2 protein chains.
Amino acid sequence: MKMSGGVEWGLHCCVVLSGAGAPVTAAKLAELHDVSQSYLAKQLQLLSRAGLVRSTLGQSGGYVLTRAANEITVLDVVEAIDGVEPAFRCTEVRQRGPMAVPAERCDTPCPIARTMDSADRVWRESLRRVTIADLIADVNRTTPPEILAGAREWLRA
Amino acid sequence: MKMSGGVEWGLHCCVVLSGAGAPVTAAKLAELHDVSQSYLAKQLQLLSRAGLVRSTLGQSGGYVLTRAANEITVLDVVEAIDGVEPAFRCTEVRQRGPMAVPAERCDTPCPIARTMDSADRVWRESLRRVTIADLIADVNRTTPPEILAGAREWLRA
DNA sequence: CTTGACTCGGACAACTGTTGTCCGAATAGA
DNA sequence: TCTATTCGGACAACAGTTGTCCGAGTCAAG
Ligand code: SF4
Ligand code: SF4
């Protein structure tokens with residue numbers, strides 16, 4: 001039960017991209033976060049496949065958000081990088097073994113699968129309620145302004 | 001983002017153990033579910049470490065639940081087998097790189113970590129609300145009685 | 001009491017999924 | 001036209017999970 005570590009990087013990148021109006025290259029983002037440049041590229045690829053960011057090739061290229069910050073939820077980023085399939089996968093144990101339940105009686109999902117599905121649903125719903133804009137607002141409130149300005153200047157260079 | 005598949009087996013075992021008053025061996029449980037006998041033993045070991053079941057050695061030994069079925073939650077089983085640490089682990093990216101935030105300004109947790117923690121909390125809370133007794137009640141309501149009686153008889157033999 | 005067979009417990013490999021890396025295709029600008 | 005720069009997907013290294021095994025300890029029977 002471990003979420004992909006790239007989710008954290010993806011969220012940070014979305015926050016940074018929202019702040020900078022110009023395209024930002026993967027190399028810049030990697031240096032800013034001090035993480036592997038190649039691996040971050042893979043995560044950005046996933047975001048691009050999901051349609052959250054749009055990549056511009058060639059000189060002065062980079063990544064830009066496709067939508068406004070308040071239209072991108074944390075769940076979008078999580079599902080783009082970590083996948084959409086739920087953590088719990090039923091293997092239909094009750095249809096195996098000597099006391100197997102016949103398949104025609106398995107029309108209704110069992111209580112275990114329903115419980116897990118419900119928990120997964122509230123988890124996703126909780127993540128869907130927070131948008132990138134909310135994160136940005138909180139970051140702006142809690143981090144010193146001089147650091148924010150410095151980061152924006154460093155990105156432009 | 002994948003939960004350990006043993007969680008499903010552990011829950012099934014708890015349901016079965018609650019139905020049978022006498023100790024049940026790991027071999028019986030494995031044959032009933034048609035799963036690897038040795039691997040199920042490992043999951044039962046985890047349950048034993050967590051204090052959910054008590055093992056009796058020697059002849060006519062096996063596993064028994066330590067508490068009543070309505071005092072064991074699904075979350076207990078999940079945490080016993082899959083671990084208690086949350087899926088999201090913050091690597092403190094903001095304290096690295098050229099635009100690092102000084103450590104003394106990192107006293108309050110960042111919004112990303114708070115969002116993930118909140119989602120994990122509601123997920124666990126949802127699992128805590130369901131007990132093994134609830135699962136048993138649902139199973140008794142949805143499965144044909146003859147199969148239940150047959151399984152109980154097969155366990156006794 | 002002795003014996004005996006049966007039980008769980010932890011230590012030991014094999015496999016899938018994640019992490020990390022690389023170079024080629026495509027593009028914008030000069 | 002040409003070049004420097006960018007992303008994109010294909011290629012290894014690592015870790016965690018899955019699966020297996022045999023020995024220490026124990027209860028019941030004789
Ligand atoms: S009884 Fe439920 S948890 Fe078990 S195999 Fe069937 S659907 Fe999955
Ligand atoms: S800003 Fe939040 S998510 Fe990012 S490293 Fe710090 S605590 Fe973790």
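Chain naming here is simple, since letters A, B, ... match the order of the sequence lines and numbering starts at 1 in each. In this text the structure is predicted, and so the values were computed from the model without any measurement.
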Checklist entry - Of A:Gln45 and B:Leu44, whose closest DNA chain C nucleotide lies nearer the 5' terminus? => result B:Leu44

Next on the checklist: Just N and O in the side chain of A:Thr56: are any of them under 4.0 Å from OP1 or OP2 of D:dC7?
Outcome noted: no

Checklist entry - So, does A:Ser126 use its side chain to make a donor-acceptor pair with the main chain of A:Val122 at under 3.5 Å? => result no

Next on the checklist: Expressed as a whole number of angstroms, how long is the span from B:Leu46:CG to D:dT17:C1'?
Outcome noted: 12 Å

Checklist entry - Can you tell which of C:dC8, D:dC7, D:dT20 lies closest to the side chain of B:Tyr39? => result D:dT20

Next on the checklist: Need one value for A:Ala27: base, sugar-phosphate or nothing, where a base atom within 4.0 Å counts as base even if backbone is also close, heavy atoms only.
Outcome noted: nothing

Next on the checklist: Measuring from the side chain of B:Lys42 (C-beta onward, heavy atoms only), which nucleotide among D:dT18, C:dT21, C:dG9 has the closest atom?
Outcome noted: D:dT18

Checklist entry - Taking the side chain of A:Arg49 as its heavy atoms from C-beta onward, which of D:dG9, D:dC11, D:dT6 lies nearest to it? => result D:dG9

Checklist entry - In whole Å, what is the span from the CD1 atom of A:Ile81 to the C1' atom of C:dT19? => result 14 Å

Next on the checklist: It should be established whether B:Ser55 places a side-chain nitrogen or oxygen under 4.0 Å from OP1 or OP2 of nucleotide C:dG9.
Outcome noted: yes

Checklist entry - What nucleotide among C:dT21, D:dG8, C:dC8 has an atom nearest to a side-chain atom of B:Thr25? => result C:dC8

Item to check | Beyond-backbone contact of A:Asp134 with A:Asp138, side-chain heavy atoms, under 4.5 angstrom | outcome: no

Checklist entry - Given atom NZ of B:Lys2 and atom C1' of C:dC15, what is their separation to the nearest angstrom? => result 10 Å

Item to check | Touch class at under 4.0 angstrom, heavy-atom based, for B:Gly6 against every strand present | outcome: nothing

Item to check | Flag, side chain of A:Arg89 to backbone of B:Lys2, donor-acceptor distance under 3.5 Å | outcome: no

Checklist outcome for this item: Looking only at C:dC8, C:dT19, D:dC27, the nucleotide nearest the B:Tyr63 side chain is C:dC8

Checklist outcome for this item: To the nearest angstrom, the CD-C1' distance between A:Gln37 and C:dG20 comes to 12 Å

Checklist outcome for this item: note: B:Met1, atom CE; D:dT17, atom C1'; distance rounded to Å ~ 16 Å

Next on the checklist: Taking any heavy-atom pair under 4.0 Å as a contact, classify A:Arg54: base, sugar-phosphate, or nothing.
Outcome noted: nothing

Next on the checklist: I want to check one thing: is the phosphate of D:dT18, taken as OP1 and OP2, less than 4.0 Å away from some side-chain N or O of B:Ser4?
Outcome noted: yes

Next on the checklist: Judged by each residue's nearest nucleotide on DNA chain D, which is more toward the 5′ side, A:Val24 or B:Ser38?
Outcome noted: A:Val24

Checklist outcome for this item: Correct closest heavy-atom pair for A:Ile136 and A:Ala69 would be CD1-CB, 4.1 Å

Item to check | d(CD, B:Gln59; C1', C:dG4) in whole Å | outcome: 8 Å

Item to check | Donor-acceptor contact present, side-chain B:Glu8 to main-chain A:Thr91, <3.5 Å | outcome: yes

Item to check | Donor-acceptor contact present, side-chain B:Ser48 to main-chain B:Arg54, <3.5 Å | outcome: no

Item to check | Whole-Å distance separating the CE atom of A:Met3 from the C1' atom of D:dG16 | outcome: 17 Å

Checklist entry - Of the nucleotides C:dC8, D:dA28, D:dC7, which one has an atom closest to the side chain of B:Ser60? => result D:dA28

Next on the checklist: Nearest to the side chain of B:Leu57, heavy atoms from C-beta on, is which of D:dG8, D:dT26, D:dG16?
Outcome noted: D:dT26

Checklist entry - Within this structure, what is the CD-to-C1' distance between A:Gln43 and D:dG9, rounded to whole angstrom? => result 14 Å

